[in-house]
Visitor: 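Once you've had a glance at the structure underneath, I'll fire off some questions.
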Amino acid sequence: MNKTNIVFTLGLCSTGLVPNCSANPTVQKQPNILYIMSDDHAYQAISAYGYGLNSTPNIDRIAKGGAIFTKAFVTNSISAPSRAVMLTGKFSHLNGKIDNRGGFNWDQNSFPKLLQQNGYQTALIGKIHLDGLPQGFDYSNVLPGQGQYYNPDFIENGVKKQYHGYVTTLTTQFALDWLDKKRDKSKPFCMLYHQKAPHRNWLPEEKYLNLFEDKEFPFPENFFDDYSGRTTAAHTQEMEITKVMTWGNDMKFENDPYTGEPTPFVANLNRMDDQQRAAWRAAYNPKNDAFIKAKLQGRELAKWKYQRYIRDYLKCIQSVDDGVGEVLDYLDKNGLTDNTIVVYTSDQGFYLGEHGWFDKRFMYEESFRTPLVIRYPKEIKPGTVITQMVQNLDFAPTLLNYAGVKPDKGMQGESFRNLLNGKSMKWRDAIYYHYYEYPAEHAVKRHYGVRTDRYKLIHFYYDVDEWEMFDLEKDPHEMKSVYNDPAYAEIQAKLHKKLNELRVKYKDTDEVTNSFLPVKKN
Ligand code: SGN
Ligand code: CA
């Protein structure tokens with residue numbers, strides 16, 4: 001809030017026009033911030049986005065009461081790097097966290113640190129996926145690494161302890177506990193409330209074990225993509241539901257249906273108590289027996305795997321949505337709704353069978369884009385739709401702007417507060433992306449690129465040197481690259497120019513890119 005607004009609010013307060021003023025004589029100048037992030041939550045699986053797969057009434061409450069973004073993107077579609085970008089407001093090559101491997105430098109500046117230095121109480125709860133004691137938080141209670149679904153460990157202010165129960169409900173419980181009992185209520189708060197779900201390997205909560213089991217989900221139209229219109233990277237990835245989803249971790253078999261060997265899922269069963277395990281066996285074993293009997297092959301097998309995957313994935317989301325509802329209810333009941341900015345987003349998007357895939361990493365739309373809804377009754381009109389391109393790079397400057405705190409000089413994002421307010425402002429016409437984790441699990445090659453409102457240009461490098469270009473208006477599913485198509489020559493040249501400009505703007509030169517390459521073995 002700027003100075004004019006503070007005076008205005010205090011002025012109104014003395015006239016009695018602002019509700020609750022007399023009950024609350026010290027008008028809180030800065031808004032509270034509730035930043036909710038889940039892991040691998042595809043926008044296709046939020047009902048406010050209109051895909052019709054599931055129902056997320058509580059996440060939709062945020063969207064309906066505020067704004068929904070149709071073009072929110074990440075800068076590097078993978079967990080730990082995405083979180084580092086969100087905290088620091090800097091691209092991966094500058095905050096140092098380029099992939100899920102290696103450490104994160106907590107000594108660098110971040111938006112929670114700046115808020116903390118400017119009068120906020122700060123907390124981090126749930127998955128952060130960055131090793132080391134989190135800095136910038138008065139309170140932290142985080143999962144080690146990826147975390148476990150059942151009976152997980154949490155690290156509370158540096159001390160590890162195992163809890164009985166389901167990770168999503170425990171995370172919500174810790175968030176409510178901090179809001180209600182642990183924070184200093186005389187200060188504005190910023191709470192990062194981060195769910196592990198719906199990250200692989202999708203283990204739903206007991207009460208949702210049978211949800212969706214009688215439902216057949218539609219297949220994306222490019223489920224049987226043969227990648228013919230694209231370069232090497234789309235052919236050599238290891239993200240296909242047909243080939244890569246495992247019997248144990250993903251399909252919940254105790255024994256591999258072909259070899260009879262115990263699967264990794266047994267490790268999950270071992271973490272459960274007798275009651276949890278019995279519930280699991282009752283829900284899954286009869287279906288697995290039926291599958292073994294049917295002996296499906298080829299496309300039929302692929303379709304069966306997809307249904308198993310999508311049902312388990314959506315079940316996990318149901319618990320995430322419940323948690324959002326509980327926290328929103330807490331704000332309502334405690335008179336906090338009006339002065340709290342609520343953000344719901346994911347660390348990246350996810351493939352729900354598009355191109356035949358699960359996982360993320362690519363600069364293609366489903367994983368490059370991320371869900372984003374924001375509510376702030378004081379400033380954002382209910383039902384606002386934001387179509388401009390924003391990135392997770394912008395969260396730090398935007399939230400600091402709302403708090404009236406100057407961003408760190410090195411932050412590269414921009415505040416999108418004025419977009420939310422409906423004020424006309426000049427906004428960027430292109431965004432930059434860079435993915436690094438290769439060679440690695442899922443085998444998605446290193447690439448960087450630019451996206452404008454209509455076009456996308458991608459450069460795959462390291463063990464290939466190939467370009468792709470898409471006309472998103474004519475080919476929204478990115479099935480055929482038009483790179484080197486003479487009809488697009490002029491646009492291609494413009495996109496190359498734009499890409500070079502963004503690389504200069506964001507200080508990502510060839511030299512910097514090459515400095516992150518693994519040493520090639522001869
Ligand atoms: C695990 C998953 C991968 C996933 C990475 C990164 N494998 O390794 O499927 O891509 O996490 O995900 S699993 O067998 O353990 O499920 S991220 O969201 O944390 O970046
Ligand atoms: Ca993730």
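Numbers for residues simply follow the sequence, beginning at 1. Read the numbers this way: they start at 1 and go in the same order the structure lists the ligands and their atoms.
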Visitor: H447 and ring pair (Phe, Tyr, Trp, His ring centres under 6.0 Å): which single residue from Y461, W467, Y433 fits?
Guide: Y433
Visitor: I'd like to know if E441 pairs up with R200 as an ion pair, taking the criterion as any Lys NZ or Arg NE/NH1/NH2 lying under 4.0 Å from an Asp or Glu carboxylate oxygen.
Guide: yes
Visitor: Is the shortest side-chain N to carboxylate O distance from D39 to R83 below 4.0 Å?
Guide: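 Counted as a salt bridge, because a side-chain N and a carboxylate O are separated by less than 4.0 Å.
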Visitor: Taking side chain as C-beta onward, heavy atoms only, is K507 less than 4.5 Å from V512?
Guide: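 Side-chain contact under 4.5 Å: no.
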Visitor: If the criterion is any heavy atom closer than 4.0 Å to an atom of ligand 1, which residues make the list?
Guide: D39, D40, I78, S79, N100, K127, H129, Q146, H199, R200, N249, D347, Q348, D359, K360, R361, E441, H442
Visitor: Does E437 pair with R446 as a salt bridge, N-O distance under 4.0 Å?
Guide: no
Visitor: In terms of side-chain heavy atoms, does H41 have a donor or acceptor partner in Y344 at a distance below 3.5 Å?
Guide: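 Yes, Y344 and H41 have a side-chain donor paired with an acceptor closer than 3.5 Å.
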Visitor: Short of 3.0 Å from the Ca ion (ligand 2), name each protein N/O/S atom, waters not counted.
Guide: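 You should have found D39 OD1, D40 OD1, D347 OD1, D347 OD2, Q348 OE1.
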Visitor: Is it true that R451 and E365 make a salt bridge, defined as a side-chain N closer than 4.0 Å to a carboxylate O?
Guide: yes
Visitor: Give a yes or no answer on whether the side chain of K113 reaches the backbone of Q108 with a donor-acceptor pair at less than 3.5 Å.
Guide: yes
Visitor: Identify the residue among Y313, F219, F224 that makes a ring pair (Phe, Tyr, Trp, His ring centres under 6.0 Å) with Y306.
Guide: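 For Y306, the ring pair (Phe, Tyr, Trp, His ring centres under 6.0 Å) test succeeds with only one of Y313, F219, F224, which is F219.
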